[in-house]
Amino acid sequence: MASSHIFLVLFVLPVLTVAGKEVARPSAHCSLFGDDHIKTFDESLYDFAGDCSYLLAGDCHKRSFSLLGDYQNGRRSSLSLYLGEYFDVHMSLDGTMTEGGNRISMPYASNGVFIENEAGYYKLSSEEHGFVAKVDVSGNIQITLADKHYNRTCGLCGNFNRFAEDDFMTQEGEKQKLLP
């Protein structure tokens with residue numbers, strides 16, 4: 001008599017209820033690529049070029065972290081991280097890194113933030129704060145947020161709530177229109 005075995009594999013994902021239905025809450029990705037393209041956490045695609053520092057993504061409820069994209073002459077030049085008012089890290093596209101104005105080298109770890117070089121990217125991550133940001137020398141940036149930031153973010157990467165329609169809302173709650 002042959003015996004057979006059945007294996008049952010269960011995957012447990014965090015869930016939330018939307019319109020009375022439970023849906024999984026995975027992490028979300030935002031990409032800034034090419035000259036001025038941005039794909040938000042909720043998959044909106046638009047173009048943006050500036051000449052200042054702009055909030056890409058951050059915890060807009062507790063203000064625990066902010067990731068800023070620094071632009072010069074319409075092109076991304078660096079990525080900056082702020083943890084409240086007490087900690088800041090800046091990553092330039094040329095690989096120059098500073099913390100609080102002091103030059104640092106990789107690998108680096110402080111205040112639950114880790115910086116390393118990984119497969120052609122500079123990687124800035126914090127499990128505690130629930131984000132990973134990768135930057136390459138061309139200025140392409142990928143930001144991944146943990147599911148705990150669902151519907152709690154703001155910035156050019158959108159609000160991570162699965163509704164692309166409201167990605168262009170100001171902090172005052174006004175919907176912005178994109179220019180053609």
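Hydrogens, waters and symmetry mates are skipped; everything else that's a heavy atom, side chains included, is used.
Nearest heavy atoms, A133 versus L79: CB-CD2, 3.7 Å. Across Y122 and G95, no two heavy atoms sit closer than the pair OH-CA, 3.3 Å. Summarising the geometry of G158 relative to T153, their closest heavy-atom pair is O-OG1, 3.1 Å, with the distance given to 0.1 Å. G130 and H149 make their closest contact through O-CD2, 3.4 Å (heavy atoms, listed as atom of the first residue, atom of the second, distance). Considering all non-hydrogen atoms of both residues, L68 and S53 come closest at CD2-CB, 4.1 Å. Shown here for G74 and A49, the closest heavy-atom pair between the two residues is O-CB, 3.5 Å.
Summarising the geometry, atom OG belonging to S80 is positioned 11.5 Å from atom CG belonging to L55; distances are rounded to the nearest 0.5 Å. In this structure, CG in D136 is found 8.0 Å from CG in L93, a value given to the nearest 0.5 Å. The CG atom of N111 lies 7.0 Å from the CD atom of E99; values are rounded to the nearest 0.5 Å. From D51, atom CG reaches atom CZ of R75 across 12.5 Å, with rounding to the nearest 0.5 Å. Between T40 atom OG1 and F160 atom CZ the span is 11.0 Å, to the nearest 0.5 Å. The structure places CG of N140 at 6.0 Å from CZ of R76, a figure rounded to the nearest 0.5 Å.
Between the S66 side chain and the Y82 main chain, no donor and acceptor come within less than 3.5 Å of each other. When atom types are taken as modelled, the side chain of R152 and the backbone of H61 share no donor-acceptor pair closer than 3.5 angstrom. Judged purely by atom type and a 3.5 angstrom limit, D42 uses its side chain to pair as donor or acceptor with the backbone of N161. Of the possible polar contacts, none joining the S31 side chain to the K39 backbone as a donor-acceptor pair under 3.5 Å is found.
Heavy-atom contacts from other residues, nucleotides or ligands closer than 6.0 Å to CD of E118 number more than 12. For K123, the NZ atom sits in a packed shell: over 12 heavy atoms of surrounding residues, nucleotides or ligands are nearer than 6.0 Å.
If you look at H129 and F87, their ring centroids are not closer than 6.0 Å.
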Next on the checklist: Please evaluate residues T96 and D94 with respect to the criterion side chain to side chain donor-acceptor pair (under 3.5 Å), reporting the C-alpha separation (whole Å), side-chain torsions for both, the decisive distance (0.1 Å), and the verdict.
Outcome noted: CA-CA 6 Å; T96 303; D94 66 2; 2.8 Å; yes
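The side-chain heavy atoms of Y121 and E116, taken from C-beta on, include no pair separated by under 4.5 Å. Using a 4.5 Å heavy-atom threshold, the side chains of C30 and I38 count as touching. Considering only heavy atoms from C-beta on, R162 comes within 4.5 Å of Y150 through its side chain. The shortest distance between side-chain heavy atoms of E128 and V113 does not fall below 4.5 Å. At least one side-chain heavy atom of L124 sits under 4.5 Å from a side-chain heavy atom of F131. Taking 4.5 Å as the limit, some side-chain heavy atom of L32 sits within range of a side-chain heavy atom of C157.
A perpendicular orientation is assigned to the rings of F48 and Y71, their planes being inclined by more than 60° (bins at 30° and 60°).
Taking hydrophobic clusters as Ile, Leu, Val, Met, Phe, Trp and Tyr residues chained together by side-chain heavy-atom distances below 4.5 Å, I143 does not share a cluster with F114. Placement of L81 and M97 within a single hydrophobic cluster is found when ILVMFWY residues are connected by side-chain heavy-atom separations under 4.5 Å, directly or transitively. M106 and V132 are not part of a single hydrophobic cluster, where members link through side-chain heavy atoms under 4.5 Å apart.
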